[in-house]
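By convention in this document, chain letters (A, B, ...) are assigned in the order of the sequence lines, proteins followed by strands, and residues within each chain are numbered from 1.
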Number of protein chains: 2
Amino acid sequence: MILKSQVEWALHCCAILAGLPEGRYLSTKALAELHGLPKEYLSKALQSLSQAALVDTTLGPSGGYRLARSSSEINFLDIVEAVEGKARSFTCTNIRENNPCRPAGYCDSKPCAVARIMWEADEAWRDTLRRVRLSDLVGILSEEVRPDLWQSTFEWVLKRAG
Amino acid sequence: MILKSQVEWALHCCAILAGLPEGRYLSTKALAELHGLPKEYLSKALQSLSQAALVDTTLGPSGGYRLARSSSEINFLDIVEAVEGKARSFTCTNIRENNPCRPAGYCDSKPCAVARIMWEADEAWRDTLRRVRLSDLVGILSEEVRPDLWQSTFEWVLKRAG
DNA sequence: GGAATTAAGGATATAGAATATCCGCAAAAC
DNA sequence: GTTTTGCGGATATTCTATATCCTTAATTCC
Ligand code: SF4
Ligand code: SF4
């Protein structure tokens, strides 16, 4: 059970977009260069964010991406689910139906305990991600990243933001 | 991010093993028939349980598997990790190292905030699974499964337990 | 208006993981 | 000694993640 690397990419890109001045856009090309990622493939992750309405886009030179809402109104789960999908990690294949002792026509009223417990754990994972806002991440990064690196990155981004 | 179906298989098999009388064993063949699963592949899941020391095995006719500990001393996480591995679901590829603004020789003191938050969610998932004991599952199932099915399954298993 | 740049989406190729089967070995039962 | 069993290795198949390429339409700038 491993998350796609696109999840990491999307989270980092959103953190960068959160630092953009009002109304500016940043292109896939810039985001790919900044993170050292394949531009074409990163583009797929950004398209996922776009489809989830987390970011706004615009075309043409000086086009690119910006957050669709304030960074305090976007949480980790929004981003992770946009890329990874909303499906639960445990999928029930209903193997209890294969029990040879099962009476013909027997119909289970509800999902069995195994599935419910696994889904509960899944929900705990989602809850944790839901509680962390993108703005929280930016706050932590701004404290932890070395100030000179933080500032030079910021300048690098602004130079390329349309 | 989807768990292997072997996780479901292992959980169901453990629930069955928990109902075995003291000292009896149940074979892969019986477990595969009971759940309608491919015997050879289910065997791999059971081998994982064995390697994790969750079950004891014995060879020969009347051989098979039994729990290595009481069902109240085995939790869901034990079983899930035995099959799925203990690796975290979020793997950090350290893309921040590709930042072109990064000073040469800069070395990060600790994993960045993105990774820590994702790992925190992972830990919440594990915590939930850790809190549920195998005996809890058996308790729920014994209440929810129709009594006649529960009993006939029990008899079916006993007939094949060595 | 025309050239350049961009996001979007479809098609396709590659790598790796999950799923599944088969075989040979050693231990245990009879 | 024969059968049954768990175990591990080897292999095949299917599916997903990863990655690239190409076309289209919108936008900017000249
Ligand atoms: S997880 Fe529950 S519902 Fe799904 S197959 Fe197993 S017993 Fe049935
Ligand atoms: S998750 Fe954190 S440590 Fe990992 S690459 Fe991203 S910034 Fe770096």
Side-chain angles (χ1 to χ4, degrees), chain A residues 1-10 13 17 23-33 35-66 68 80 82-85 87 89-91 93 95 160-162, chain B residues 1-10 13 17 23-33 35-66 68 80 82-85 87 89-91 93 95 160-162:
Chain A
M1 188 193 58
I2 294 190
L3 293 167
K4 329 193 210 198
S5 52
Q6 284 193 339
V7 169
E8 181 183 356
W9 303 357
C13 287
L17 293 182
R24 315 261 314 255
Y25 293 86
L26 195 60
S27 71
T28 305
K29 188 155 172 282
L31 285 167
E33 281 178 27
H35 295 115
L37 301 173
K39 175 165 118 37
E40 309 289 347
Y41 193 33
L42 172 63
S43 167
K44 301 295 182 187
L46 297 173
Q47 283 174 41
S48 297
L49 295 179
S50 175
Q51 282 167 357
L54 296 178
V55 296
D56 287 334
T57 70
T58 189
L59 293 177
S62 84
Y65 296 87
R66 73 176 177 202
V80 171
V83 171
E84 190 70 30
S89 64
F90 180 87
T91 57
T93 57
I95 61 176
R160 289 155 188 262
Chain B
M1 189 192 60
I2 294 190
L3 294 166
K4 328 193 210 197
S5 53
Q6 284 192 340
V7 169
E8 181 184 356
W9 303 355
C13 287
L17 294 182
R24 315 261 314 254
Y25 293 86
L26 195 61
S27 71
T28 304
K29 188 154 171 283
L31 286 167
E33 282 177 27
H35 295 116
L37 300 173
K39 175 165 117 37
E40 308 289 346
Y41 193 34
L42 172 63
S43 167
K44 299 297 181 186
L46 297 173
Q47 282 173 42
S48 297
L49 295 178
S50 174
Q51 281 166 357
L54 296 178
V55 295
D56 287 335
T57 69
T58 189
L59 293 176
S62 84
Y65 297 87
R66 72 176 178 202
V80 171
V83 170
E84 190 69 29
S89 64
F90 180 87
T91 56
T93 57
I95 62 176
R160 288 156 187 261

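Going from atom OH of Tyr65(A) over to atom P of dT5(C) covers 18 Å, rounded to whole Å. Whole-Å rounding puts the Arg66(B) CZ to dA28(C) P distance at 13 Å.
Residue Gln51(A) places at least one side-chain N or O closer than 4.0 Å to OP1 or OP2 of dG9(C). Residue Thr57(A) has a polar side-chain atom (N or O) positioned under 4.0 Å from OP1 or OP2 of dA8(C). At the phosphate of dT18(D), OP1 or OP2 sits under 4.0 Å from a side-chain N or O atom of Ser5(A). Under 4.0 angstrom from either OP1 or OP2 of dT21(C) there lies no side-chain N or O belonging to Tyr41(B). Within the structure, a side-chain polar atom (N or O) of Ser50(B) is placed less than 4.0 Å from OP1 or OP2 of dC7(D). For dG8(D), one of the phosphate oxygens OP1 or OP2 lies less than 4.0 angstrom from a side-chain nitrogen or oxygen of Gln47(B).
Comparing dC22(D), dC23(C), dT6(C) by their closest approach to the side chain of Glu40(A) singles out dC22(D). Across dA19(D), dT5(D), dT18(D), the shortest atom-to-atom separation from the side chain of Lys4(A) is found for dT18(D).
Side-chain contact between Lys4(B) and Glu84(B) is present, with at least one heavy-atom pair separated by less than 4.5 Å.
In terms of position on DNA chain D, the residue among Pro38(A) and Ser27(B) whose nearest nucleotide sits closer to the 5' end is Ser27(B). Along DNA chain D, the nucleotide nearest to Gly63(A) and the one nearest to Ile2(A) differ in position, and the one closer to the 5' end is contacted by Ile2(A). Mapped onto DNA chain C by nearest heavy atom, Leu59(A) and Lys44(A) fall at different nucleotides, with Leu59(A) at the one closer to the 5' end.
Across all non-hydrogen atoms, the minimal contact from Tyr65(B) to Gln47(B) is OH-N, 4.1 Å. In plain terms, the two heavy atoms of Lys29(A) and Lys39(A) that are nearest each other are CA-CD, 3.8 Å.
Side-chain contact check for Gln6(A) and Ser48(A): no donor-acceptor pair (N or O, by modelled atom type) lies under 3.5 Å.
Backbone-only contact: Thr28(B) has heavy atoms under 4.0 Å from sugar-phosphate atoms and none from a base. Looking at heavy-atom distances under 4.0 Å, Tyr25(B) makes no contact with the nucleic acid at all.
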